[in-house]
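Notes follow once the structure below has been shown.
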Amino acid sequence: MLELYEGALNVPEIITRWYAEEADYNYGAYIPFIGTVRAEDGIEGLSFDVYEPILSSWFDTWQAKAEALGAKLKMAHSRGDVLVHESSYIAAVFSPKRRVALEMIEQFVEDFKASAPIWKYDLKDGQRLYAADRSTAIQGAGILGGKS
Amino acid sequence: MLELYEGALNVPEIITRWYAEEADYNYGAYIPFIGTVRAEDGIEGLSFDVYEPILSSWFDTWQAKAEALGAKLKMAHSRGDVLVHESSYIAAVFSPKRRVALEMIEQFVEDFKASAPIWKYDLKDGQRLYAADRSTAIQGAGILGGKS
Amino acid sequence: MITIEFLGPIQKAAITMEAVSLRDVAEVLKQDDELVQWIDNCAVALNDTLVASLDIPLKDGDKISLLPPVCGG
Amino acid sequence: MITIEFLGPIQKAAITMEAVSLRDVAEVLKQDDELVQWIDNCAVALNDTLVASLDIPLKDGDKISLLPPVCGG
């Protein structure tokens, strides 16, 4: 399940609702990863653009991978502005097995960082500035210019 | 911070309180690991003995390790009986850096499994049976018999 | 007619053009001064599926998307 | 006088004895039929700190704990 929200996430609502939703699923480990905006470089917050069609298919591919291991994934992300110390991202795994859960949350979060079609901007001095230096080209990028 | 409870954990209360407690700590990633009792082998639940003095010093050693990396750990565990689909264990890391958080939650949970002085029993047919087959001898065990 | 849209930080309105393959589209986009900084680091999607090659035939109504470097979380 | 306590699933009440080193304690416990299944898989703590060797002098009031295999979580 993929949830997109305008602005900051209501973390208590989301992580406890997910816990309740899976109360009858016979999992052994539930690991939510919660990403929160840090105060650094004088930013007031971050802002996000999300391209939902490709994000959804990326998520569905991961969900299928999880299901093959008996596990389940959930994810929530913000669109628009999220201020310092507010949260913009939650990824969670439910799994019968501890090892599967620990490995999957790590791989899922890392692939999310590298592949999910979401763009980040610093909110600073009233401007919305693309975070080019922290961004990663998606695997296979550059084919238009002749890279392949 | 180490919290011990009689019986099942109130997971929503604990994971949202921890989230609120660290609202002003400038972390970027919060990862709680929640362990829930699975229905298997016909058990009604699990039961736990905890030896708090050594658990506390084990936890303090990990907290110092986390602090050296700018991170923070929290943990909650049940004593006594916890029924199927109830939760008995939460370990959590807060860290400025995503990589530190992902690596630490994994190492912390694995070392917990191998080292924390907690004993598990199956609740089955009205009996409380030591889970010998799933238990791990603590590192250095056996010196009384001549192993060292 | 195909449509090309530019996602995230690429400040450029969608364009339409005639093209029979992705290679044709690439030739046009490479000439676009607004895209100089993006051409080498964008991934390309055809109808919302990422593609790994330019040797893909296009048909009327296809949508091509350019995805610049990402940073979710 | 030192005290020896048995943790978790070891169904045995604490005992007290005179001993000047952990090696003395080990000699006594090895003779105890109730401990046969535990002697080779227990860790040992002296005053709530795990120890790695038997060559440790003991003093009056010391507490020794036997920790059988664990399984938290």
Side-chain angles (χ1 to χ4, degrees), chain A residues 4 9 33-38 46-59 61 75-79 82 87-91 108-122 128-148, chain C residues 2-58 61-73:
Chain A
L4 295 173
L9 302 181
F33 173 105
I34 296 128
T36 298
V37 178
R38 301 192 68 221
L46 298 173
S47 190
F48 298 91
D49 289 341
V50 175
Y51 186 62
E52 189 168 0
I54 294 180
L55 182 63
S56 284
S57 43
W58 172 85
F59 182 79
T61 302
M75 190 179 119
H77 203 285
S78 299
R79 296 176 188 272
V82 181
S87 302
S88 54
Y89 175 50
I90 313 179
F108 181 69
V109 168
E110 292 299 337
D111 190 47
F112 168 83
K113 285 291 196 182
S115 308
I118 300 180
W119 296 277
K120 180 179 284 179
Y121 305 81
D122 288 333
R128 188 177 192 258
L129 307 161
Y130 175 52
D133 55 327
R134 282 112 73 203
S135 297
T136 307
I138 293 172
Q139 199 182 10
I143 56 171
L144 291 174
K147 293 190 199 169
S148 67
Chain C
I2 60 140
T3 303
I4 306 164
E5 60 176 28
F6 304 93
L7 299 177
I10 312 179
Q11 300 289 324
K12 188 173 168 65
I15 58 178
T16 57
M17 62 181 279
E18 298 290 346
V20 297
S21 88
L22 211 46
R23 198 167 293 280
D24 298 343
V25 175
E27 289 310 313
V28 173
L29 296 181
K30 275 198 271 191
Q31 311 307 319
D32 190 326
D33 287 348
E34 293 180 274
L35 295 175
V36 168
Q37 62 170 303
W38 303 109
I39 213 79
D40 285 327
N41 59 24
C42 275
V44 178
L46 172 59
N47 301 326
D48 292 332
T49 298
L50 292 170
V51 296
S53 156
L54 295 181
D55 298 316
I56 294 181
L58 299 177
D62 276 349
K63 180 181 75 171
I64 291 162
S65 309
L66 264 65
L67 294 89
V70 297
C71 186

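So that the names make sense, note that chain A is the first sequence line, chain B the second, and so on, each numbered from 1.
A distance-only check finds a donor-acceptor pair linking the side chain of A/Trp119 to the backbone of C/Pro69 [under 3.5 Å]. In this structure, the side chain of A/Lys113 engages the main chain of C/Gly72 through a donor-acceptor pair within 3.5 Å.
Side-chain contact between C/Leu67 and A/Pro117 is present, with at least one heavy-atom pair separated by less than 4.5 Å. Looking only at side-chain heavy atoms (C-beta outward), A/Ile118 and C/Val70 stay at 4.5 Å or farther from each other. Side-chain contact between A/Tyr130 and C/Gln11: absent, with no pair of heavy atoms (C-beta onward) separated by less than 4.5 Å.
When heavy atoms are compared at a cutoff of 4.5 Å, A/Ala132 does not approach chain C at all. Proximity to chain A involves both the backbone and the side chain of C/Val51, based on heavy atoms less than 4.5 angstrom apart. Neither the backbone nor the side chain of A/Ala131 has a heavy atom closer than 4.5 Å to any heavy atom of chain C. Proximity to chain C is absent for every atom of A/Ser56, based on heavy atoms less than 4.5 angstrom apart. For A/Phe33, no part lies under 4.5 angstrom from a heavy atom of chain C. Residue A/Ser57 touches chain C through its side chain alone, counting heavy-atom pairs closer than 4.5 Å. Residue contact with chain A, scored on non-hydrogen atoms closer than 4.5 Å, involves the backbone and the side chain of C/Ile39 alike. Heavy-atom distances place the side chain of C/Leu66, and not its backbone, under 4.5 Å from chain A.
For the atom pair A/Leu144 CG and C/Leu54 CG, the distance stands at 6.0 Å (nearest 0.5 Å). In this structure, CG in A/Asp49 is found 9.0 Å from CG in C/Leu7, a value given to the nearest 0.5 Å.
Closest approach of C/Asp48 and A/Pro53 over heavy atoms only: OD2-CB, 3.3 Å. Shown here for A/Arg134 and C/Cys71, the closest heavy-atom pair between the two residues is O-SG, 3.4 Å. Across all their heavy atoms, C/Gly73 and A/Ser88 have their closest contact at O-OG, 3.2 Å.
For A/Glu110, the CD atom sits in a packed shell: over 12 heavy atoms of surrounding residues, nucleotides or ligands are nearer than 6.0 Å.
Interface remark: of the candidates C/Ser65, C/Ala26, C/Cys42, C/Cys42 forms the most heavy-atom pairs closer than 4.5 Å to chain A.
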